[in-house]
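Atom set for the values below is all heavy atoms of this structure, side chains included, hydrogens, waters and symmetry mates excluded. The sequence lines fix the lettering, A, B, ..., with proteins before strands; numbering per chain opens at 1.
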Number of protein chains: 2
Amino acid sequence: MAQKNILQYLILGLLNQSPKTGYDLKRVFEDDIGEFWQAQHSQIYPELKRLEQADRITHVELIAGTKLKKKQYSITADGIAFFDEWRYSPTSEIIASKDEFILKLYFIDSKNDAHLDAMFTEQKTLHQAKLDHLLDRRQTLFSQQAAVDAHYGHYLILEHAINREQDYLNWLTTARP
Amino acid sequence: MAQKNILQYLILGLLNQSPKTGYDLKRVFEDDIGEFWQAQHSQIYPELKRLEQADRITHVELIAGTKLKKKQYSITADGIAFFDEWRYSPTSEIIASKDEFILKLYFIDSKNDAHLDAMFTEQKTLHQAKLDHLLDRRQTLFSQQAAVDAHYGHYLILEHAINREQDYLNWLTTARP
DNA sequence: AATAGCATGTAACTCGTTACATGATTAC
DNA sequence: GTAATCATGTAACGAGTTACATGCTATT
């Protein structure tokens, strides 16, 4: 065993919400959970094949327009069981994050280093843009209380992503006003 | 080209501070920059070989005790140039983080889900322990102003790690008091 | 008709983890 | 003496990225 293959659980969880095509999954990864997990379509399609071989999902072929085939996948009872095992098991490790800017900063010894201002200015811009985008998404998705109640976990993690960016920006600004 | 090989720059940066063995590097990864990057010795030793073949580092063999050989690596002029190119280049992408707990949370639809309390309690414990450890390290490394002045970047990233954990804990507590 | 987006796949490659393997030294 | 740590390496595997490849559909 080398790694954990969390991707399979995410795909199962998303199919557990509703049947989806590989392309649908790709978009959810981009839009909804991209802050906390990433997956390219080149990783999703093979994983769908493996999950189907393991009888955790099945698919039906749909025709859009006149010719365009798409495979709509659904989760099976086996798949649900396998997903539930993961989702309700303890999460006892924190997957450490990676941050290239932070590493570059580590090698700066002096407060007077000529590069510090440019480095911080750049990061402030990046993280402000990210924060703006997240605030926008909150506005779009959760401006009504009903949405919060129906997708509470999604709401919470978006709040967390927003907090995180605000905290990052706050640190940047405090360290280098 | 598939990925960025940031590890090589980190090794060069650490050797730029002072000559080190592979084992020394391993410990720095565990202790100092583990919050933001991880590397096992099985990744470090081959990378040292590659860097030496590229003439970016060299080594001398030292004998500890009577027999134990160790290879002490130093950075070359080429290595310094290569490192500087990286460290002073723009960091225009944010490497997205991964967090398994957050993903499990995403799939919880209702505020009344019976698992929520246990999930949050577990995470509070984990992140509190991490925060305690970081506060401890700040006390050890940076209780004197001279240390802050001599290793300003290291100080800043430790502050950031502390902020981040405090923010995480704060979110956990606010969402599930 | 051209462009952007929908839709699915494979190939090549690197990154990173876990496990295997060996031996010396220090502290108890 | 024995356990923990120092010290260095390789092997096997899975995870993840980038690039290659193809074709349909909707919008302007």
Out of [options], which has the shortest distance to the side chain of [X]?
X     : options                : answer
A:K71 : C:dT8, D:dT8, D:dA19   : C:dT8
B:S42 : C:dC15, D:dT8, D:dA11  : D:dA11
B:R27 : C:dG16, D:dG16, D:dC6  : D:dC6
A:K49 : C:dT10, C:dT25, C:dG16 : C:dT10
B:Y23 : C:dG16, D:dC6, C:dA24  : D:dC6

Can you tell me if [X] touches the phosphate of [N], counting only side-chain N or O atoms and a distance under 4.0 Å to OP1 or OP2?
X     : N      : result
B:K98 : D:dG16 : yes
A:Y45 : C:dT8  : yes
B:K69 : D:dC6  : no
B:K4  : D:dT18 : no
A:Q40 : D:dT17 : yes

Using a cut-off of 4.0 Å on non-hydrogen atoms, how would the nucleic acid contact of [X] be classed: base, sugar-phosphate, or nothing?
X     : result
A:K26 : nothing
A:R50 : nothing
A:A39 : nothing

**OP:** Could you tell me whether the side chains of B:N170 and B:Q166 share a donor-acceptor contact shorter than 3.5 Å?
**Re:**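 Side chains of B:N170 and B:Q166: no pair found under 3.5 Å.
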
Original post:
Can B:W86 and A:E100 be counted as having a side-chain donor-acceptor contact under 3.5 angstrom?
Top reply: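 Yes, because at least one side-chain N or O of B:W86 sits under 3.5 Å from a partner of the opposite role on A:E100.
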
Original post:
Going by modelled atom types, is there a donor-acceptor pair between the base of D:dT8 and the side chain of B:T21 at under 3.5 Å?
Top reply: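 Side chain to base: no pair present.
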
**OP:** Classify the side chain of B:T66 and the base of C:dT25 as holding, or not holding, a donor-acceptor pair under 3.5 Å.
**Re:** no

Original post:
Between B:D167 and A:R164, is there a side-chain N and carboxylate O pair less than 4.0 Å apart?
Top reply: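 Looking at B:D167 and A:R164, the cut-off is not met.
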
Subject >> Electrostatic pair A:E47-A:R50, nearest N-O below 4.0 angstrom >> reply: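 Looking at A:R50 together with A:E47, the answer is yes, because their closest N to O distance falls below 4.0 Å.
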
**OP:** Return yes if some donor-acceptor pair links the side-chain N/O of B:K104 with the main-chain N/O of A:S89 below 3.5 Å, else return no.
**Re:** yes

Original post:
Which comes earlier along DNA chain C counting from the 5' end, the contact point of A:Q43 or that of A:L68, where each point is its nearest nucleotide?
Top reply: A:L68

